[in-house]
Each structure stands twice: as C-alpha cells, then as structure tokens.
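All values below come from the heavy atoms of this structure, side chains included, with hydrogens, waters and symmetry mates left out. Just so it is clear: chains get the letters A, B, ... in the order the sequence lines come, proteins before strands, and each one is counted from 1.
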Protein chains: 2
Amino acid sequence: MAYHDLDELDGKILKLIVNNARIPFLEVARECGVSGAAIHQRVQKLVNLGVIKGSEFILDAEKIGYETCAYVGLFLVSPSSFDSVVKELEKIPEVVECYYTTGQYDLLIKVFAKNNKDLLRIIHSQLQPLGLARTETLMCFKDAFRKKLPIDFS
Amino acid sequence: MAYHDLDELDGKILKLIVNNARIPFLEVARECGVSGAAIHQRVQKLVNLGVIKGSEFILDAEKIGYETCAYVGLFLVSPSSFDSVVKELEKIPEVVECYYTTGQYDLLIKVFAKNNKDLLRIIHSQLQPLGLARTETLMCFKDAFRKKLPIDFS
DNA sequence: GTTGAAAAGGGTCCCGT
DNA sequence: ACGGGACCCTTTTCAAC
C-alpha cells in the first residue's frame, strides 16, 4: 500500500508519465524495455494502490480570465467551527486549495480572482462572513516556478 | 490570445478534459456533438494559445514517501538577491512551488519532506544558507481540499 | 508478473465543404 | 472552422508461460 512496495520499474514509469499524461503507454513500454501489456498492468496497479490519484490538463489561469492569485491566512473566531468553515470554503469557486496549518494561521487557502478588485470582493463578501476573526493576504505576483517531487524507488 | 477568444465549445472541451487528461477525444466529441477532428483541432489551438500548458498525472505524495508538507515564508537578507535565491531554491528537489509575494514574506515556497526531521534538515541545511534573514514555517497537517477553477466562456 | 497477439477503438491527417 | 474517411498506432483483454 505504501511506496515500499514499488520497484524501479514503477518509478521509471511514473517518471515518464507524470509530466505528460497523454504519452502513449507503448512508448513508455519501449523506453522501459517491457511489453505494452506490462505498462498497462503496472499503471492499473498504481491507480488501484492510490499512488496515481488521477490526471489533469494544466491550464494557464491568466488565459482563462484569472489574473490575480493570493494565499490567504485565516484566523477563525472559534476553533470549533473548523469543519463547517472548510465546508463553506469549498463552495466558493475561486478558493482552489485549503490546508489546516500550524503556525500563525488556522487555515491557509489559495484563491484565484479575475483581478485585484475581484479578490477584495471575495475576501470581504465571501470569506469574512464565514466567521473569521481576521485574514491576512499574501498576493502572489509571480509564479517563480512549480515542479514535481523526485521519484526514486531504487 | 486571451480568454476572450474562447467560445462555449472551448469551455465545454476544457471542462471535460481538465480533470481527466486521458479521456478519449472521441468521447469528448460525442459529448459535444461535433466530430473528433474538431476536438483535435480545438485542443491543438488551445495548446498553441498557451491556454493548455500541459498534462500530468497526480500522485499521492504520501504514497511516494513524502509524509510532510509545509509552506515556508522567506525573509531575504538583501532584496537584491531575489533572483539568485530563486535559482538556488529551484535546485532543491523538495521545494515544489515558489512565489514572489506581497505581505510579510519576500518569497513563499511549498516544500515536501519525508518526515518532520527531514523538513528540519531542509530548512536548516538547504534554505538558511541561501542568504535568508529568517523563515517562518506553516506546516500543512491536512489537505482539506483541492479543486479546479471554474471554466465559463458563455 | 510478464508476454504476444487479436480485436476494438482512438489519434491524426487530408480533402471537401 | 468543421465533417468524413483512411490509415496507423494504441488500448485492452486473454490465454499461455
């Protein structure tokens, strides 16, 4: 169930497919020196184990109309409201990630907005009413980089 | 070049493929009531426009050996060192995201580590030597949710 | 756990509209 | 920009090792 059960072939496959979800498995097979059926089964196994949680296309947020991105640290009024706040946050389309964190904030969320004014609207009209004592906004004005974790089961 | 050039069919296609990069385009075609060739051309157009930046498989970080996740806010000693620090950060395998932010931190990074001890090692041995005045660690002890931005060009 | 082969289906390209 | 069709490659399954 854990990564201890994964061998080098699994690692090689994951490395080849993780940044290109539409790579033909036969191409992976050729790279790995095994049959296409083997890759098919291995990938199926990785899905069944939950190692592979799914696949997605990566879209450019700006090009679909979201020019502003921010992390917002949330301070809850009452700690007992954690779960209900999270539930409400999940309903807000612009809130794309949410973490329970240690440190100064109770929750940390990632928010996209059409522009700065739209972000302000989201914070004031959507977030504040959920029962927050305070919020702290970290605007991301540049995505310096983004990459994948290393994969190595050797 | 922007989302203003995208129509409802583009939106429908993106909605169908964004959470499943391996969906057959012919299935998308049937859902949209157009030919496979049309989907093929549209997707190609979206890639050329940069709306689609790529595709990926989503892996479970825990299941490939990374049990700890944290955001770390960085305070630089000197503002002039931004770019060189970012360059060095990018070389650290465990640092998967990096943002220039407004607010209290100069930079905000997302870090995965094998465990808490490993995270401490990364912060002390890898991050601190880069010329940081201070760091502030927000451990993520639960990933409450993670979803996609809404797509709507109607 | 892996293989090769067969059947079914999808991806890609070209031409016509 | 889209549709139809042809061709080739890929996916998926299964018996056999």
Please, which pairs that meet ring-ring contact (aromatic ring centres under 6.0 Å, His included) have at least one residue in residues 78-115 of chain B, sequence neighbours excluded? Tyr71(A)-Tyr99(B), Phe75(B)-Tyr105(B), Phe82(B)-Tyr100(B)

Are Lys148(B) and Glu56(A) close enough for a salt bridge, meaning some N to O gap below 4.0 Å? yes

Residue list, side-chain hydrogen bond (donor to acceptor under 3.5 Å, both in side chains) with Asn116(A), at least two apart or on another chain: Thr68(A)

Would you kindly give the CZ-to-P distance between Arg42(B) and dA1(D), to the nearest whole Å? 6 Å

Contacts of Lys147(B) meeting side-chain hydrogen bond (donor to acceptor under 3.5 Å, both in side chains) (sequence neighbours excluded), chain-then-number -> none

Is it true that Glu62(B) and Lys114(B) have a side-chain N and a carboxylate O under 4.0 angstrom from each other? no

Any base atoms under 4.0 Å from Lys45(B), or only sugar-phosphate, or nothing? Heavy atoms, all strands. sugar-phosphate

Just to be sure I understand the geometry, which residues of residues 20-38 of chain A put a non-hydrogen atom under 4.0 Å away from DNA chain C? Arg22(A), Val34(A), Ser35(A), Ala37(A), Ala38(A)

Inter-axis angle, terminal five-pair segments of the helix from dG1(C)-dC17(D) to dT17(C)-dA1(D) [nearest 10°]: 30°

Would you give the length of the straight line joining atom CZ of Phe25(B) to atom CD of Glu31(B), rounded to the nearest 0.5 angstrom? 14.0 Å

How is Ile39(A) classified with respect to the nucleic acid when contacts are heavy atoms under 4.0 Å: base, sugar-phosphate, or nothing? nothing

Write down the distance between CD (Gln41(B)) and C1' (dG3(D)), rounded to a whole number of angstrom. 9 Å

Using a distance-only test with no angle check, is there a side-chain donor-acceptor pair under 3.5 angstrom linking Gln126(B) and Glu88(B)? no

SB check Arg42(A) Asp7(A) (cutoff 4.0 Å): yes

When you list every nucleotide of DNA chain C with an atom under 4.0 Å from a heavy atom of chain B, which one comes first 5' to 3', and which comes last? dG10(C) to dC13(C)

So does Glu90(A) pair up with Arg146(B), basic N to acidic O under 4.0 Å? no

Determine yes or no for a side-chain-to-main-chain donor-acceptor pair under 3.5 angstrom, with Asp152(A) supplying the side chain and Ser154(A) the backbone. yes

